[in-house]
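Scroll down for the structure; my scribbles are underneath it.
Within every chain, numbering begins at 1; the chains are lettered A, B, ... in the order of the sequence lines, protein sequences first and strands thereafter.
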There are 2 protein chains.
Amino acid sequence: MKTWNRNNPIAQFIRKRRKDLNLTQFELSDTTGVGLRFVRELEQGKPNLMTDKINQVLLFFGHELTPNPISDATRRNLGEQ
Amino acid sequence: MKTWNRNNPIAQFIRKRRKDLNLTQFELSDTTGVGLRFVRELEQGKPNLMTDKINQVLLFFGHELTPNPISDATRRNLGEQ
DNA sequence: ATTATTTATACCCTAATAGGTATAATTTCA
DNA sequence: TGAAATTATACCTATTAGGGTATAAATAAT
């Protein structure tokens with residue numbers, strides 16, 4: 001079972017943006033329409049999530065999931081499987 | 001039911017990169033370890049997919065899913081729900 | 001220190017993804 | 001042309017994500 005990774009790009013992005021707006025996890029889940037539990041799994045870096053749920057949250061920040069060159073944080077995490 | 005969108009950033013990326021390397025869908029599924037049917041759903045823009053499966057394919061191209069500002073193609077598609 | 005708020009973990013249930021396979025449509029190439 | 005290869009669609013099943021909720025831990029505020 002792949003390990004969770006709080007430092008993956010998606011988790012980091014959501015946590016930062018949410019805090020920038022001084023929102024609680026509950027408020028974010030409420031305004032975006034996803035479950036509170038999902039916001040938590042998202043921010044804590046659960047390995048396997050559904051893209052449209054993530055995009056449902058990202059849309060609130062004017063963002064969406066797209067392919068990008070692998071980040072250092074991810075590269076580091078790849079070794080630890 | 002959300003409509004499929006062949007022009008979403010992920011589908012476009014995979015199709016282009018695969019063709020650049022002159023690989024068939026079967027070869028891509030075989031080398032990345034995901035199902036052939038998944039590669040097809042991916043390239044044809046199925047709305048809801050699992051992130052780790054997508055990343056399993058993107059890794060082959062040195063990429064991963066990250067949040068990015070919404071593209072025009074996506075913005076156009078948003079209106080059509 | 002105490003309380004209130006926020007975040008994290010655990011459990012059950014339903015719905016939907018991904019896989020496999022078979023078949024049809026489309027494209028490629030001799 | 002016609003055959004082979006590639007891509008697309010359809011059906012069935014097992015696995016698992018996501019929702020809800022309850023509880024525990026951690027953080028913030030007074």
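For B:Gln44, no side-chain nitrogen or oxygen approaches OP1 or OP2 of D:dT7 to under 4.0 Å. Contact annotation: B:Arg18 side-chain N/O to D:dT6 OP1/OP2 distance is not under 4.0 Å.
Remark: A:Arg18 engages A:Glu43 in a salt bridge, criterion side-chain N to carboxylate O under 4.0 Å.
At a non-hydrogen distance threshold of 4.0 Å, A:Thr24, A:Gln25 from residues 20-27 of chain A come into contact with DNA chain C.
The side chain to side chain donor-acceptor pair (under 3.5 Å) search around A:Arg15 returns none, not counting sequence neighbours. Residues passing the side chain to side chain donor-acceptor pair (under 3.5 Å) test with A:Ser71 are A:Thr74, B:Glu64, sequence neighbours excluded. Under the side chain to side chain donor-acceptor pair (under 3.5 Å) criterion, B:Asn68 pairs with A:Thr66, B:Thr66, sequence neighbours left out. Qualifying salt bridge (charged side-chain N to carboxylate O under 4.0 Å, His left out) partners for B:Asp72, counting only residues two or more places apart in sequence or in other chains: none. For B:Arg6, the salt bridge (charged side-chain N to carboxylate O under 4.0 Å, His left out) criterion is met by no residue, not counting sequence neighbours. Contacts of A:Gln12 classified as side chain to side chain donor-acceptor pair (under 3.5 Å), with partners at least two apart in sequence or in another chain: none. With sequence neighbours excluded, no residue satisfies side chain to side chain contact (heavy atoms under 4.5 Å, CB included) with B:Asn22.
For the pair A:Asp52 CG and C:dA18 C1', the interatomic distance rounds to 15 Å; values are reported in whole Å. In this structure, B:Leu28 places its CG atom 14 Å from P of D:dT6, rounding to the nearest Å.
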Task: Sugar-phosphate or base contact per nucleotide [nucleotides 15-30 of chain D; S, B, -; heavy atom under 4.0 Å] - done: --SBBB----------
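When heavy atoms are screened at a 4.0 angstrom cut-off, B:Arg15 is found touching no nucleic acid atom at all.
The ring-ring contact (aromatic ring centres under 6.0 Å, His included) analysis of residues 6-35 of chain A, with sequence neighbours excluded, yields the pairs A:Phe13-A:His63. Judged as a ring-ring contact (aromatic ring centres under 6.0 Å, His included), not a single pair has a partner in residues 30-61 of chain A (not counting sequence neighbours).
Using modelled atom types, one side-chain atom of A:Asn48 and one backbone atom of B:Asp52 make a donor-acceptor pair closer than 3.5 Å.
Each end of the helix from C:dA1-D:dT30 to C:dA30-D:dT1 yields a helix axis from five base pairs, and these two axes differ in direction by 60° (to the nearest 10 degrees).
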